[in-house]
Amino acid sequence: MVAGIDVEPALTIDTATPDALKQLDLQWHEKAWPMLAGPESGAFLILPPGGGGAAVGWVPVRDIAPPGLPSRIAAATGTPEFVALSADGTHLCAVTEEEYEYWIIIRSLD
């Protein structure tokens, strides 16, 4: 649902922009965060980024330091890519790194 020819990003950010990761953090927090985290809990599910994440499966997390999730993931894995699911299972959100852009993808599963 976040990879393939028919995927349309909700937003793109040029990776050549000097503050691209900062913009990605801010846009993620503005566009995807409200879809993922309930207004009070901040909890959602994430596939562990990097190799082997799909084998682990969905892990419940609480982001206690928003905004900045894509940058924190990039610092740990070398790329800001990850896939997250709202705790209620109604929204799938992801960050992907395409040729020259970061994509924020938001899919409703209702």
- Query: So, for M35 and I106, which heavy atoms are closest and what is the spacing to 0.1 Å?
  - Reply: CG-CG2, 4.1 Å
- Task: Please identify each residue that fulfils ring pair (Phe, Tyr, Trp, His ring centres under 6.0 Å) with H29, with sequence neighbours left out.
- Result: W33
- Message: Between T17 and D14 (side chain of the first, backbone of the second, donor and acceptor by atom type, cut-off under 3.5 Å), is there such a pair?
- Response: yes
- Message: With rounding to the nearest 0.5 angstrom, report the OG1 to OH distance, T96 to Y102.
- Response: 11.0 Å
- Item | Over all atoms of both residues, closest heavy-atom pair of T15 and A20 | O-CB, 3.9 Å
- Item | Residue pair E97 / P80, side-chain heavy-atom distance below 4.5 Å | yes
- Say you draw a straight line from CG of L11 to NZ of K31; how long is it, rounded to the nearest 0.5 Å? 6.0 Å
- Any V83 side-chain heavy atom under 4.5 Å of W58 side chain: yes
- Task: Kindly indicate, with the supporting measurements, whether the criterion side chain to side chain contact (heavy atoms under 4.5 Å, CB included) is fulfilled by W28 and L36.
- Result: CA-CA 10 Å; W28 171 264; L36 284 178; 3.4 Å; yes
- Message: With rounding to the nearest 0.5 angstrom, report the CD to CD distance, E81 to E98.
- Response: 7.0 Å
- Message: Go through it in stages, so that I can follow the logic: the residues are I73 and I46, the test is side chain to side chain contact (heavy atoms under 4.5 Å, CB included), and I'd like the CA-CA distance, side-chain angles, deciding distance and then a yes or no.
- Response: CA-CA 11 Å; I73 289 173; I46 193 168; 4.1 Å; yes
- Message: Side chains of V95 and L69, heavy atoms from C-beta outward: is any pair under 4.5 Å?
- Response: no
- Which distance, rounded to the nearest 0.5 Å, do you find between the OG of S86 and the CG of L45? 7.5 Å
- Distance col, row I13:CD1 vs Q23:CD, nearest 0.5 angstrom, shows 6.0 Å
- Identify whether V61 and V56 are in the same connected component of the hydrophobic contact network (ILVMFWY, side-chain heavy atoms under 4.5 Å). yes
- Task: For the residue pair P70 and F82, establish whether any side-chain heavy-atom pair is separated by less than 4.5 Å.
- Result: yes
- Query: Would you say the side chain of R72 lies within less than 4.5 Å of the side chain of D63, judging by non-hydrogen atoms?
  - Reply: yes
- Between L47 and G53, what is the shortest heavy-atom contact and its length? CD2-O, 4.0 Å
